[in-house]
Amino acid sequence: PWKAATVPLLGYGSTIQIRFRGITGPGFNSDMAIDAVKFFDIPPFDDAGVIEVVDPALGCDLTSSEVVSIAIRNTGTTPLLDIDVVYEVSGPVSTPPVTEGIGATLIGPGVTDTFTFATPVDLSIPGVYTIRAWSSVPSDTVAFNDTTTRVIEHLPTIVPPAAEDFDSYAIGETDFDFMRNNPELSDPFQVNTGGTTSTGTGPATDASGTGNYIYMEASGMGSGEQAQ
């Protein structure tokens, strides 16, 4: 079926060159068709989208006063001035909604800017935290891009001497006591024993010859994809 899409051409200047690019898939059924292209003016509207939680990041030694920064993009047609933005946190230490104004900062149409909250967040207890941030603009009727979420983990601190041979974990496990897979990546390190599922790749045994190890299964992953 045909898919309709509207693409705002904000922030590109007075002269714009349009390019359509088709990228083939692995099979013959990756044809692409284009029809009914229109260029038109739209009435003025406000649209403030929070597109990313920039800080804090995944790590160890997170404190009770971590800085929260977000990226705000103006996808409307009018400048944004003195709007409110909000964040809240759920996790081992939950934080109720914190609302602050961006003040005299002017964000023009098509422009992305970073805002840092004056109120820090407490991430001092190790565990998984979900940070949700959104814009609060009464005149913004485009709600789908107002909110973004980031999941981070405060990892426990390792005090030497310490060792891990992964023998106590079940095959396929991806959650470990003192190390974590990056939740923002879809391809994790996982526990295995013996050979891997791909013929001719990976080790035949662990370092001891009889136990477990962790590995990244590259089958189905694209070039340059990561496990962390």
Please report the C-alpha distance between T63 and S124 in whole Å, then the side-chain angles of each, then the deciding distance to 0.1 Å, and finally whether the side-chain contact (heavy atoms from CB on, under 4.5 Å) criterion is met. CA-CA 4 Å; T63 69; S124 59; 5.7 Å; no
When rounded to the nearest 0.5 angstrom, what is the spacing between CD1 in I107 and OG1 in T78? 11.5 Å
Is there a chain of hydrophobic side chains (I, L, V, M, F, W, Y, each step under 4.5 Å between heavy atoms) that links F117 to I51? no
Steps toward side-chain contact (heavy atoms from CB on, under 4.5 Å) verdict (Y87, V50): CA-CA 10 Å; Y87 81 82; V50 177; over 6 Å; no
Shortest non-hydrogen pair, I102 vs D82, comes out as CG1-N, 3.9 Å
Could you tell me whether the side chain of H154 and the main chain of L123 form a donor-acceptor pair under 3.5 Å? yes
Any P56 side-chain heavy atom under 4.5 Å of V67 side chain: no
Should V89 and T130 count as side-chain neighbours, where that means a heavy-atom distance under 4.5 Å? no
Would you name the heavy atoms of V54 and A71 that are closest together and state the gap between them? CG2-N, 3.9 Å
With heavy-atom distances below 4.5 Å as the criterion, would you say the side chains of I72 and V85 are in contact? yes
Donor-acceptor under 3.5 Å (D146 side chain, G49 main chain): no
Criterion side-chain contact (heavy atoms from CB on, under 4.5 Å) on T174 and F189, from CA distance to verdict: CA-CA 6 Å; T174 59; F189 283 103; over 6 Å; no
Euclidean distance, D165 CG relative to I214 CD1, rounded to 0.5 Å: 11.5 Å
Checking D47 side chain against G76 main chain: does a donor-acceptor pair fall under 3.5 Å? no
G103 versus L81, closest heavy-atom pair with distance: O-CD1, 4.0 Å
Contact between E217 and Q190 at the side-chain level, heavy atoms closer than 4.5 Å - yes or no? yes
Determine whether E153 and Y129 satisfy the following criterion, side-chain contact (heavy atoms from CB on, under 4.5 Å), listing intermediate values before the conclusion. CA-CA 6 Å; E153 185 167 9; Y129 293 84; over 6 Å; no
Qualifying residue for side-chain hydrogen bond (donor to acceptor under 3.5 Å, both in side chains) with R73, from T112, D113, N145: T112
D84 CG to E100 CD distance, which is reported to the nearest 0.5 Å: 9.5 Å
So which atom in I83 and which in A48 form the shortest heavy-atom distance, rounded to 0.1 Å? CD1-CB, 3.9 Å
Taking ring-ring contact (aromatic ring centres under 6.0 Å, His included) as the test, write out the residues that go with Y213, two or more places apart. none
Are S139 and D46 close enough that a side-chain donor and a side-chain acceptor fall under 3.5 Å? yes
Donor-acceptor under 3.5 Å (T193 side chain, G211 main chain): yes
So which atom in N212 and which in D167 form the shortest heavy-atom distance, rounded to 0.1 Å? N-OD1, 2.6 Å
Does N192 reach the side chain of I171, with side-chain heavy atoms less than 4.5 Å apart? yes
Report yes or no: do F166 and M216 belong to one cluster of Ile/Leu/Val/Met/Phe/Trp/Tyr joined by side chain heavy-atom distances under 4.5 Å? yes
Shortest non-hydrogen contact from T149 toward R132: OG1-CG, 4.0 Å
Just verifying a value: how many Å separate I70 CD1 and I131 CD1, rounded to the nearest 0.5 Å? 11.0 Å
Does S135 use its side chain to pair, donor to acceptor, with the backbone of V137 at less than 3.5 Å? no
Would Y215 end up clustered with Y169 when hydrophobic side chains under 4.5 Å apart are linked, directly or stepwise? no
Honestly curious: do I16 and I34 fall in one hydrophobic cluster under the side-chain, below-4.5 Å linking rule? yes
Does V93 share a hydrophobic cluster with V98, counting links as ILVMFWY side-chain heavy atoms below 4.5 Å and allowing steps through other members? yes
